[in-house]
Amino acid sequence: MDKIIFALPGNETIANTIADKLHFPVGEMVLRSFPDAETYVRVLSNVDGKNAILVSTLYQPNSKLLPLYFLAKLLKDLGAKVTLIAPYLSYMRQDKRFHDGEAVSSEYFAALLSSFADELITIDPHLHRRNSMSEIYTIPCKVLHAAPLISSWIKENIEMPLLVGPDSESEQWVAETAAKMNTPYIVLNKERISDTEVKISVPDVVQFKNHTPVLVDDIISTAKTMIVTAKHLSEAGLKPVTCIGVHGLFAGNAYEDLLKAGVGRIITCNTILHLSNEIDVSDLIINSLD
Ligand code: R5P
């Protein structure tokens with residue numbers, strides 16, 4: 001099936017890299033707001049019988065969702081199959097009814113996306129209480145992992161790393177990254193008190209005094225997890241922490257707060273555009289496209 005690629009606003013860099021490397025045409029469209037802020041979409045390219053690949057990272061998803069929905073529905077109306085590449089997939093963390101009456105948003109969001117895309121490609125979605133995407137998504141999902149890219153970056157940039165996972169959920173990617181590098185790792189205990197408050201306990205790390213701690217997590221949102229962990233590791237006598245997040249959401253002043261916490265470096269993958277992006281995921285996505 002011939003492929004044609006469409007970038008939702010803000011996703012042009014990755015979409016153009018994919019298009020250039022795989023020689024896919026870039027779809028022409030008009031996506032704009034009417035004066036009353038409703039969305040207008042028009043596709044100018046011929047997409048009939050083609051696989052339309054939409055690139056849309058889903059950080060701050062609420063405002064992105066309706067334009068994406070209209071574009072996907074339109075492409076299907078025009079005869080295309082729709083593949084959604086969402087380098088960051090939102091609403092994966094509300095995966096349980098933590099308190100009576102709460103929405104399990106990850107399920108509702110999955111149902112919505114499954115209703116208008118034919119397949120989904122994403123990177124390190126926050127699968128914690130779910131074992132696989134198929135538990136909530138009804139469309140085929142390809143899950144890509146940034147761990148090999150992160151371990152290459154650490155190998156090239158950090159001498160004697162000690163990988164640190166801030167909580168039990170992080171063990172999956174910290175263990176995988178450490179195994180690829182043959183390097184030690186520790187996983188801490190985290191208790192989330194509220195959206196912006198976490199408690200972390202650190203095991204005895206005295207034998208790692210000469211190592212550089214590298215904190216690896218899937219998401220940096222308020223950065224409280226990294227800030228509190230970095231503080232504990234510094235109090236335990238370790239060197240300044242290098243912080244690596246697959247997805248740097250950096251809500252509010254999180255990036256500045258993390259810098260102020262005295263960490264060494266802050267590095268993220270370019271699943272969400274940010275000045276901390278140093279690990280490029282475009283080849284990972286390219287290799288996943290048949
Ligand atoms: C937790 O479930 C995730 O893996 C991250 O540890 C968490 O989302 C980080 O959030 P924050 O930066 O707000 O502490």
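Worth knowing before you read on, the calculation uses all heavy atoms, side chains too, and leaves out hydrogens, waters and symmetry mates. As the structure lists them, so they are numbered: ligands from 1, and atoms in each ligand from 1.
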Task: Main-chain N/O of Thr57 paired with Asn11 side-chain donor or acceptor, under 3.5 Å - done: yes

TODO: Specify whether Tyr40 and Phe34 have parallel, tilted or perpendicular ring planes, treating 30° as the upper limit for parallel and 60° as the lower limit for perpendicular.
DONE: perpendicular

Open item on the list: Less than 3.5 Å apart, any donor N or O on the side chain of Asn62 or Tyr91 sitting next to an acceptor on the other?
Closed with: yes

Open item on the list: Check this for me: does any side-chain nitrogen of one of Glu176 and Lys180 sit under 4.0 Å from a carboxylate oxygen of the other?
Closed with: yes

Open item on the list: Applying ring-ring contact (aromatic ring centres under 6.0 Å, His included) as the test, list every pair that has at least one member in residues 154-206; sequence neighbours left out.
Closed with: none

Open item on the list: Residue by residue, ordered by chain and number, which ones reach under 4.0 Å of ligand 1 with a heavy atom?
Closed with: Arg93, His126, Asp167, Glu169, Lys190, Arg192, Asp217, Asp218, Ile219, Ile220, Ser221, Thr222, Ala223, Lys224, Thr225

TODO: Give, for atom CD1 of Ile136 and atom CZ of Phe109, the distance between the pair rounded to the nearest 0.5 Å.
DONE: 10.0 Å

